[in-house]
Every structure is written in structure tokens, then in C-alpha cells.
*Asks:* 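Quick one: this structure, given as C-alpha cells, is what I'll be asking you about.
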Amino acid sequence: MCGIVGYVGHREAYSIIIKGLKRLEYRGYDSAGIALLNGNLNVYKKKGKVSDLEEFLGEDKHFLNSTIGMGHTRWATHGEPNDVNAHPHYSSNKDLAIIHNGIIENYSSLKMDLTLRGHVFLSDTDSEVFIHLIDDIRINNNCSLEEAVRVALSQVVGAYAIVIIAKDTPNQLIAARKGSPLVIGLGKNEFFIASDASPIIEYTNEVVYLNDQEVAIIKDNLLTIKNIEDVQMTPYIQKLELELEAIEKGGYEHFMLKEIMEQPKSILDCMRGRVDSVRGHLVLGGLNEYLYKLINAERIMIVACGTSWHAGLVAEYIFEEFTRIPVEVDYASEFRYRNPVVREGDVLIAISQSGETADTLAAIELAKSKGAVIIGVCNVVGSSIARASHAGAYLHAGPEIGVASTKAFTAQVTVLTMIALQVAHKKGSISDHLFRILLAEIESIPDKVSTVLKLNEKIKYISSIYKDAKNVLYLGRGYNFPVALEGALKLKEISYIHAEGYPAAEMKHGPIALIDKEMPVVVIATKDSSYEKVVSNIQEVRARKGQVIAIVTEGDTQVAKMADYTLEVPATHEALMPIVAVVPLQLLSYHISVMRGCNVDQPRNLAKSVTVE
Ligand code: G6P
């Protein structure tokens, strides 16, 4: 959460920073601010989006000749979204400014101390405390800014990615991280700092990912990285493989629609070079070394948040069915605080699109400390979770920018299915014949998703009928139960309609009381082992005059007679149906959101990457 951009070099900093902030807006959009150094250290900030900041700054960009600066787009934690709480924050004498992503947990005791020492605070944020602390240390110890930052870092508890700029050092930016991501782009006589690589990619493809508890000092065209004990570290320079088009809308009105539509390709990309049904081959290079741990595991734990947790639920069904290894799926935020039983030899699979979710990262650290092997399933290459894992498999789905996750979900389920099948095959818990059938079925999924996407116009029409619903119930059973949860999440997060996902059979234990003629019920009723039972559940809804929108398998005639609307999807093995069946639900939520005039890509109060707990 919160996006950070910094620049120092020979170009005009303002435009680079503003453009970078727009790319990072998915991380938060409560306020935006910028600090530019040009003799004076000037801070400009405004509640709202980066475009509000631009509007506030108007035509008169007298600061356009500044070649060093930093900017921030905020997702509010401490202090309401307003101009004062927006970043950057100044120190008392306005000699220093900071931008911060994360939470300083001991900020109130630090603030009390600093207030007694004469510091005056303007905002309600924890971040402002950080810069006063650094300033206080610098003045009292008469030390360099770099040293003061290091000392301050040893006093704060919590998570941070920070950038600091000082009036008296016009060629210097200092950055540090713990728990929140930071990447440094290395250009020719110029440096970029950002929360992810998207603001950097068009200038350079050489980057250094800062590690936890490291401080980067960019001064006079030199990058030095030290840990907080002042030991110099050797920067590990990596080449970015990101393409600029991948982070642009490519003609679509919204990133979410683009990401829904590109799923045939993103699913293909995540199986490229990994699956070959003809030769009976399935290879996941990043797992090789630890595959035996999975094969011999007595149980598998899965942790994740949000949509990734739903992918984890699908994986539970798949792993248990094919590998016969017991699986438990937890919300990472629950796992980390419930004193879970973790034994040496247990395997924990952490699923995360961003690879930065704070709770998932903390769950990993906990399980690791108890001897578990960590398998990361992430989309963002080089992310914190990917690096904290012993082994893993990337999604290779390309950047996902719309806050509501779509293509990451289908890629996660694809990758998790591949992992489960590889383990099952090596373990001998499925026959070679079934293994090959399932591999061929995986290979056919991109085409089947393409077929589903052709339903777009019909889904748009159905959306126009239900766009004003107050509540929507989503029902599914077996492999399709997590799909019902995911469909409901998509609708509520971008259209603000209350929606609940339920296992179809559980409906009669509560939600059935809500059903009347006003209540649309979306039922995933594809032909699988629970089909007949789901058909009975649809009858129960109809008997109470609920309206039914059903996702059915092509050629289904039974449900068509009962449902108000049906959406036919191609048949596949039931374990793979979630990848196909979720797509119409993504489109349904997308169109309803657009028709209600909501901000599809940046829904209120949400952020794409939740780096605070
Ligand atoms: C946020 C996003 C969701 C995402 C969840 C987990 O809530 O808005 O789309 O599913 O975080 O994120 P992760 O990056 O760990 O998958």
C-alpha cells in the first residue's frame, strides 16, 4: 500500500515522478504529494488522486527545472485522507522531507518523547514521527543524515519503505526498507526509486531490489547499500523483463477488462514450457529441489489473503483429491496469530499475486521459524514472498494492475493444479493415464476461456438487469464453492453491492431466509459430481421466487428450464472448472460496476498490494 517514487539525475524530475505515481496509483489513491529540491525543498500535496495534485499545481510549474525529487500516493492507515496527512512530511525546520509506505507501530511513544523535546507535529500520521526522529538524532548527535537514518531505523518498530531528501545535500536521496518493497533503477548518471518497477521500466531495465533492513544512499551519482549495522553490501543488479505495453491499457477502457480479456494468453504463459501432454511432461523448474519435500509431506498448509485465498481453497480440493495429502487453508492474517501447529517437514504454500502482502509474509516467517518448507506461488518476480520462499513457481501472468484480481486467480489455480499433478504423478497417487488426461485438459483451458469471453455481450445485458440489486447470493459446490466466493468478492469490491458466496448446500442453514423476488442468486451449476444436488438447490431458490443466473456446461437443458438466465461454458474436468467458470463472474461484476458509475480499477478504500497488516 502507498506508492513511492524517487528520482535523481539529469532529467526534469517532476514529470518522471508524476508519471511514476500514476503507475503506482493501484497501491493507494487517498492523497498524492511530491517534494522537489531546487535550492529550496518544496513540498506540494493534495487529498485525492495524482490528477487532483496536478490540477492543484496548475499550469505554473515553476519547479520544472528540478532534477531531484520524490512523490507518494497514499492508502491511509493513520490519519484520515486529507491534505495535511498526505506525504511528503517535513521535519520541523523544513530541512528534511520523508515519504513512507508501511506502519510505525511504536509511533505514539516516539511522538510523545519528541513532543517533549519540542517537536511540533502537523499531521496525525505515524510517518511524520519518522522524519522528526531522524532530525532529532541528526541534530543531537551532530551526525550525517545517513547515520541518523540508520539510528532511527533501529528505534522504530514496524514496516517501512522510505525515501528521504535533504535541503543541504542537493544530489542525495536516502532510501530504506523493512517489510515494504523498494526497487532502485540504475540509469546512466541517474537513479530511480519506486515501490515496484513500473515507474522505472521506460528508463532502464537494470534494477536492484533492496532487502529488508538495508539502506540505499544515492549521492553524487553513486549508489551505496549498507545494512543498518553500517556494513556495506554488494548490490545485486538484475535485468527487468517487464514490457512497457504490459503496464498500459492497450485500448481497453479499464485495466480490469484488459486483464479479464487477456486470460487465454496469461494462462497459456503460465504453462508455457512447463506442460507437454503428448510427452507426458510437467516441469516446474523452481520446485525441483524441494519437490521431494512436497511428495513426502504429511500435510500441506496453504496461506493467502483475498482472491489468492480463494485460489488456495481450490488448491485444497485439488491436492487432496490427487495427492491424498491432507491440506489446510488459512487466511494468513489468522494463521500468524493463532499459534498454529507447524512441524518440521510440513510444507506451507504461500499464494500471493503481489508477493508483498504483509500478513502472508508474516505467516511465512512464522512457519519457517518452526521448520516448515515454504513454497511461494507469486506473480511478481523478485517480490518479498518469492524471496522469502525456499522454492516456488511464478505465475508469469504479466502485471496485474486493476485492484480487483482476475487473471492472477486463473493463473494461480493453473499453477497450483500443475504443482498438485506433478506431486501426485511422482508420488504415484494418480495413474499415468489420468495424469496425461489432466495435462491435455490443462492445455485446452486457454481456448475454453476464449470461448467464455465470447459471452461478453450477453453478460453485459444480464448486468443491465441486475445492476441495481441490493444483495446478491453466489452459490457453488465442490470445486465451484471457491468460485462462488470469488464471484461475490468481485461484485462487492468494485460495485459496492453486498454479495455473499456460499456452499450451495449451506444455503438452507441461513441465507435461504434472505431469498425473495428481489434477490438475484448466481449459481455455478456445471456438470460435475455435485450437479444433481446443485439442481435441487436451484429448485429451492425458485420455490422462494429468487431469480437465478446460472453458469452451466454447454448443452445443459435441465437448468435452462429453471433459471432466469444461463451462461454456457465449455465442459472440462471438474478440477479445472474454476478457471473457466470464474470468467463470466468477473465480467458480470465488471459490467455492473461500470453501469453503476463506480471506479472499476480503483475501488474506494481498497489497494492492490496490502503491505500493512
Ligand atoms: C488485496 C487486493 C486483492 C488481493 C489481496 C491479496 O486485497 O485488492 O485483489 O487478492 O490483496 O493480495 P496478494 O497480492 O497477496 O495476492
Side-chain angles (χ1 to χ4, degrees), residues 1-3 24-30 75 77 101 179-181 195-196 254-256 259-260 266 270 302-315 329-336 348-364 374-389 392-395 397-413 415-416 482-483 485-496 501 582 585-586 589-590 593 598-613:
M1 314 189 121
C2 299
L24 292 179
E25 247 182 345
Y26 72 86
R27 303 179 66 88
Y29 27 83
D30 288 333
W75 186 85
T77 57
N101 164 27
S180 301
S195 301
D196 73 27
H254 298 101
F255 279 111
M256 184 182 178
E259 287 156 8
I260 292 173
S266 54
C270 80
I302 297 181
V303 293
C305 302
T307 289
S308 300
W309 183 76
H310 296 156
L313 288 181
V314 179
V329 189
D330 259 296
Y331 285 115
S333 53
E334 288 298 312
F335 180 87
R336 64 181 289 197
L348 180 130
I349 301 180
I351 310 168
S352 174
Q353 187 285 129
S354 63
E356 299 296 343
T357 303
D359 283 321
T360 310
L361 205 48
I364 288 177
I374 315 296
I375 308 291
V377 175
C378 299
N379 194 30
V380 177
V381 177
S383 56
S384 303
I385 291 174
R387 287 185 291 151
S389 304
Y394 281 118
L395 304 183
E400 189 182 67
I401 293 167
V403 165
S405 187
T406 51
K407 66 173 178 173
F409 176 80
T410 47
Q412 284 164 342
V413 177
V415 167
L416 288 159
V483 178
L485 294 179
E486 178 58 10
L489 176 63
K490 286 294 84 90
L491 187 70
K492 67 187 136 193
E493 65 185 343
I494 60 169
S495 70
Y496 318 138
V582 77
L585 307 187
Q586 296 169 342
S589 63
Y590 170 76
S593 172
C598 300
N599 189 335
V600 174
D601 283 335
Q602 296 172 341
R604 70 184 179 209
N605 305 337
L606 296 176
K608 180 103 192 122
S609 177
V610 182
T611 55
V612 297
E613 66 168 288

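Just follow the structure's listing: the first ligand is 1, and inside any ligand the first atom is 1.
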*Asks:* Stepwise, does the side chain to side chain donor-acceptor pair (under 3.5 Å) test hold for Thr307 with Glu486?
*Replies:* CA-CA 6 Å; Thr307 289; Glu486 178 58 10; 3.1 Å; yes
*Asks:* Can you see which heavy atom on Val314 is nearest to which on Phe409, and at what distance?
*Replies:*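 Looking at all heavy atoms of both residues, the closest pair is CG2-CZ, 4.3 Å.
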*Asks:* Which heavy atom of the protein is the closest neighbour of atom 7 (O) of ligand 1, given with residue, atom name and distance?
*Replies:*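 Answer for atom 7 (O) of ligand 1: Val610 CG2, 3.9 Å.
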*Asks:* Quick test: of every protein heavy atom, which one is nearest to atom 8 (O) of ligand 1, and how far off is it to 0.1 Å?
*Replies:*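 Here the nearest protein heavy atom works out to Ala607 O, 3.0 Å.
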*Asks:* If you count the atoms of ligand 1 from 1 in the order shown, which ones are under 4.0 Å from a heavy atom of Ser352?
*Replies:*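 Counting from 1, the qualifying ligand atoms are 13 (P), 14 (O), 15 (O), 16 (O).
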*Asks:* Quick check: do Val377 and Leu416 have side-chain heavy atoms less than 4.5 Å from each other?
*Replies:*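 Counting from C-beta outward, Val377 and Leu416 do come under 4.5 Å.
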*Asks:* Would you find a donor on one side and an acceptor on the other, under 3.5 Å apart, between the side chain of Arg336 and the backbone of Ala363?
*Replies:*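 No, Arg336 side chain to Ala363 backbone: no donor-acceptor pair under 3.5 Å.
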*Asks:* Can you name the atoms of ligand 1, numbered from 1 with element, that are less than 4.0 Å from a heavy atom of Ser405?
*Replies:*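 Reading through ligand 1 atom by atom, the close ones are 9 (O).
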*Asks:* Have a look at Thr406, Val403, Thr307 and point out the one with the heavy atom closest to atom 9 (O) of ligand 1.
*Replies:*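 Result: the heavy atom closest to atom 9 (O) of ligand 1 is in Val403.
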*Asks:* Please report the interatomic distance CH2(Trp309) to CG(Leu485), rounded to the nearest 0.5 Å.
*Replies:*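 These two atoms lie 6.0 Å from each other.
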*Asks:* Tell me whether Glu493 has any N or O atom under 3.5 angstrom from an N or O of ligand 1.
*Replies:*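 Looking only at distances, the answer is no, because the N/O contact criterion of under 3.5 Å is not met.
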*Asks:* With distance as the sole test, does Asn379 use its side chain to make a donor-acceptor pair with the main-chain N or O of Ala397 at under 3.5 Å?
*Replies:*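 Checked: pair present.
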*Asks:* In the protein, which heavy atom is nearest to atom 12 (O) of ligand 1, and how far is it?
*Replies:*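 Protein heavy atom with the smallest distance to atom 12 (O) of ligand 1: Thr357 OG1, 3.3 Å.
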*Asks:* For atom 6 (C) of ligand 1, what is the nearest protein heavy atom, given as residue, atom name and distance?
*Replies:*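 Nearest neighbour among protein heavy atoms for atom 6 (C) of ligand 1, to 0.1 Å: Cys305 O, 3.4 Å.
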*Asks:* Using the side chain to side chain donor-acceptor pair (under 3.5 Å) rule, take Ser384 and Glu356 through it: C-alpha gap first, then chi angles, then the decisive distance, then the call.
*Replies:* CA-CA 6 Å; Ser384 303; Glu356 299 296 343; 2.6 Å; yes
*Asks:* Give a yes/no on ligand 1: does Thr360 have at least one heavy atom closer than 4.0 angstrom to it?
*Replies:*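 Heavy atoms of Thr360 never come under 4.0 Å of ligand 1.
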*Asks:* Atom 16 (O) of ligand 1: which protein heavy atom is closest, and how many Å away?
*Replies:*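 For atom 16 (O) of ligand 1, the nearest protein heavy atom comes out as Ser308 OG, 2.5 Å.
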